Amino acid sequence: MDELEQEKVNRDEEKVKYLSDKLPPLQITGLSMEELQKLCRQLHAKIDVVDEERYDFEAKVNKNNKDIHELKLKVQDLGGKFKKPALRKVRVSADEMMRALLGSKHKGSMDLRANLKSVKKEDIKQEKVISTEVGDWRKNVEAMSGMEGRKKMFDAAGGGQ
């Protein structure tokens, strides 16, 4: 605590010494109006120079702070990266997958083929016959043209009962 207080006192002394060197005390008593205006212009010129220097220092400090922040982020990124191992393809059956997902709840083996719809060969043959009958539409185009053909289609469909 004593060292901190001593540093503070030293800084205050340095500040007072610096200001006394840079800014001599003003003597405005006994000056004419023109001399006062000249003194004000000189003071404004000095203030402008000091403001420019302050702005330059602030820009440097902001740039350095930004650089420090970017470097910290780079260090964090580099520290957190690691190589991911190459993954191998593994074949897993449906039963093993269910056991892995459900654990002890999985009962028996799961036969996926049992859930498929069974199709009889007779049904397939009937579908082929129907598709060939529908495919012969070009043969009767001339016979079915005009009003007579439409009447035949209407009667064949059972509309004229």
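What you see is a predicted model, and the numbers here were worked out from it, not measured in a lab.
- The shortest side-chain heavy-atom distance between Asn65 and His69 does not fall under the 4.5 Å cut-off.
- Put simply, Leu36 and Leu26 are part of the same group of oily side chains (I, L, V, M, F, W, Y) that touch within less than 4.5 Å, one to the next.
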Please step through side chain to side chain contact (heavy atoms under 4.5 Å, CB included) for the pair Leu73 and Glu70, ending with a clear verdict. CA-CA 5 Å; Leu73 290 177; Glu70 288 176 1; 5.6 Å; no
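- In the displayed structure, Glu3 atom CD is contacted under 6.0 Å by at most 12 heavy atoms of other residues, nucleotides or ligands.
- For Ile28, the CD1 atom counts as loosely surrounded, since its 6.0 Å shell holds 12 or fewer non-hydrogen atoms of other residues, nucleotides or ligands.
- Atom CD of residue Glu53 and atom CG of residue Asp48 lie 11.5 Å apart, to the nearest 0.5 angstrom.
- Within a 6.0 Å sphere centred on CD of Gln27, other residues, nucleotides and ligands contribute 12 heavy atoms or fewer.
- Between Asp51 atom CG and Glu58 atom CD the span is 9.5 Å, to the nearest 0.5 Å.
- We find the CG-NZ distance between Asn64 and Lys60 to be 9.0 Å, quoted to the nearest 0.5 Å.
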Before you tell me yes or no, could you show the steps for Glu5 and Val9 under side chain to side chain contact (heavy atoms under 4.5 Å, CB included), namely the whole-Å CA-CA distance, both residues' side-chain angles and the distance that decides it to 0.1 Å? CA-CA 6 Å; Glu5 291 176 14; Val9 170; 5.5 Å; no
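- Summarising the local packing, CD of Glu34 is surrounded by 12 or fewer heavy atoms from other residues, nucleotides or ligands at distances under 6.0 Å.
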